[in-house]
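Basis for what follows: all heavy atoms, side chains included, without hydrogens, waters or symmetry-related copies.
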Amino acid sequence: MLKKLLSFIIVTVMILSVIPMVGVSAKGDNPSLDTHKICLDPGHGANTGATGAMKWGGEQEDYYNLRISNQTKKVLEEHGVSVVMTRTSNSYSPSFAERAATAVNNGAGTLVSIHNNSSDSTSANGCGAFITNPNYLPNHAARSSSLGDAILTRLTKDVGVRRWEMYYVNGSQTYPDGSRADYYGILRQSKMHWLNASVIIECVFQSNYNDVHNYLLNPSKVIDMGTAIANGIMDAYGIGKEEQYFNNIDTSNTTCVNGPEMLVKLNK
């Protein structure tokens with residue numbers, strides 16, 4: 001996971017307005033997977049991830065990722081949503097391929113990977129998302145953009161976390177059709193396993209004093225973040241609502257960089 005974002009140079013910014021928006025049913029491009037069945041991926045594991053909160057008496061990132069994910073699972077299941085987890089303890093860390101395979105093996109078409117960010121700049125703060133690029137499976141990218149936006153909207157509205165940005169990052173590898181692949185392994189593997197949507201959610205920054213004290217060290221806010229992510233997922237898929245969020249989304253605030261060493265205008 002690329003964490004130290006502010007040390008990288010701006011190269012290319014592209015607006016994702018070219019991605020066609022789609023009304024997404026429970027069956028996406030892969031009819032064997034249920035888009036409305038959610039695979040939650042607590043990022044990292046086995047004592048890995050960002051460590052910034054530890055200097056203020058907090059825990060390493062994998063601890064918070066799992067706590068937030070457990071709350072997201074609880075809320076989704078209370079609303080009848082089927083959920084599978086890529087890990088249920090901090091004693092192990094599945095590979096990216098294993099995480100995507102967990103979704104496929106359980107019939108889940110959507111993967112949400114939950115993280116907490118870090119930066120060389122201690123002023124960097126707030127929530128953001130990494131989504132898939134429009135290459136290879138463009139409908140996957142459209143769904144992922146809508147899903148990410150819905151979740152960030154909830155984190156901002158319901159919890160009060162500052163929203164920074166939503167990106168896709170191109171890596172050096174290629175997809176089977178020869179197009180540039182996504183840099184982030186969990187997103188790349190989600191496409192390679194033909195999932196219908198995937199997104200990385202960065203809740204707050206472990207490297208920011210206020211984020212750590214206002215959110216991560218506040219047990220009620222940790223619960224609130226997990227609840228907000230669940231509500232964002234349900235918003236995106238129209239669970240309990242008459243209309244799907246996908247039909248209303250504007251992707252003009254989504255930017256692209258050719259990375260991994262290039263990320264844009266972050267947290268000024």
Side-chain angles (χ1 to χ4, degrees), residues 1-20 28-30 32-33 35 39-46 48-50 61-62 65 86-87 92-105 108-115 117-119 128-148 165-202 251 254-266:
M1 174 63 58
L2 185 63
K3 290 291 182 181
K4 295 187 176 179
L5 304 177
L6 238 76
S7 61
F8 305 119
I9 305 169
I10 298 174
V11 170
T12 307
V13 180
M14 300 185 337
I15 302 302
L16 258 182
S17 57
V18 297
I19 294 182
D29 293 328
N30 186 345
S32 69
L33 301 179
T35 301
C39 179
L40 294 178
D41 173 43
H44 301 288
T48 61
E61 183 192 351
D62 59 347
N65 296 346
T86 61
R87 67 180 181 91
Y92 62 101
S93 182
S95 69
F96 296 132
E98 289 170 337
R99 294 170 196 250
T102 294
V104 172
N105 293 339
T110 296
L111 186 146
V112 178
S113 188
I114 296 174
H115 289 256
N117 218 332
S118 184
S119 173
F130 294 99
I131 61 170
T132 55
N133 69 25
N135 299 336
Y136 187 46
L137 299 175
N139 283 345
H140 182 120
R143 296 185 188 96
S144 300
S145 177
S146 299
L147 180 61
E165 192 55 278
M166 189 162 65
Y167 297 97
Y168 65 83
V169 184
N170 291 327
S172 59
Q173 299 184 42
T174 58
Y175 284 123
D177 64 356
S179 62
R180 288 281 293 275
D182 290 279
Y183 167 72
Y184 290 107
I186 190 63
L187 301 181
R188 186 172 63 251
Q189 287 295 328
S190 293
K191 276 189 181 176
M192 294 300 293
H193 283 76
W194 278 76
L195 299 184
N196 294 320
S198 58
V199 63
I200 297 170
I201 297 297
E202 301 279 3
T251 59
T254 306
T255 55
C256 163
V257 289
N258 292 320
E261 69 280 9
M262 313 298 178
L263 284 172
V264 187
K265 62 171 185 175
L266 187 57

Please name the pair of heavy atoms, one in R143 and one in A197, separated by the smallest distance, quoted to 0.1 Å. CB-CB, 3.8 Å

Pairwise distance OH(Y167) to CD1(I200) - rounded to 0.5 angstrom: 14.0 Å

Which atom pair, heavy atoms only, marks the closest approach of Y168 to P134? CZ-CD, 3.5 Å

Partner of L195 under side chain to side chain contact (heavy atoms under 4.5 Å, CB included), chosen from N30, L33, T35: L33

Side-chain heavy-atom pair S32, W194 within 4.5 angstrom cut-off: no

With a 4.5 Å cut-off on side-chain heavy atoms, are P176 and M192 touching? yes

Criterion side-chain contact (heavy atoms from CB on, under 4.5 Å) on S190 and H140, from CA distance to verdict: CA-CA 9 Å; S190 293; H140 182 120; 4.2 Å; yes

May I have the step-by-step check of side-chain contact (heavy atoms from CB on, under 4.5 Å) for Y175 and D182, ending in yes or no? CA-CA 9 Å; Y175 284 123; D182 290 279; 2.5 Å; yes

Return the minimal non-hydrogen interatomic distance between V199 and A129, and the atom names on each side. CG2-CB, 4.1 Å

Has the side chain of S145 got a donor or acceptor atom that lies under 3.5 Å from a matching backbone atom of A142? no

Between Q189 (side chain) and A100 (backbone), is there a donor-acceptor pair under 3.5 Å? no

Could you report the tightest heavy-atom contact between D62 and R87, atom names first, then the distance? O-NH2, 3.1 Å

When rounded to the nearest 0.5 angstrom, what distance separates CD1 in I201 from CG in N65? 12.0 Å

For A181 against R188, the heavy-atom pair lying closest together: CB-CD, 3.9 Å

Is a side-chain N or O of N133 found less than 3.5 angstrom from the main chain of N135, in a donor-acceptor match? yes

Distance, nearest 0.5 Å, that separates OG of S119 from CD of E202: 11.0 Å

For S93 and R99: C-alpha separation, side-chain torsions, deciding distance, then whether side-chain contact (heavy atoms from CB on, under 4.5 Å) applies. CA-CA 9 Å; S93 182; R99 294 170 196 250; 3.1 Å; yes

Side-chain contact test, heavy atoms from C-beta onward, threshold under 4.5 Å: evaluate it for P42 versus T86 and give yes or no. yes

Roughly how far, to the nearest 0.5 Å, is the CG atom of L111 from the CG atom of N196? 11.5 Å

Would you call the rings of F130 and Y184 parallel, tilted or perpendicular, taking 30° and 60° as the class edges? tilted

Using the rule side chain to side chain contact (heavy atoms under 4.5 Å, CB included), only one of T102, I186, I114 pairs with D41; which is it? I186

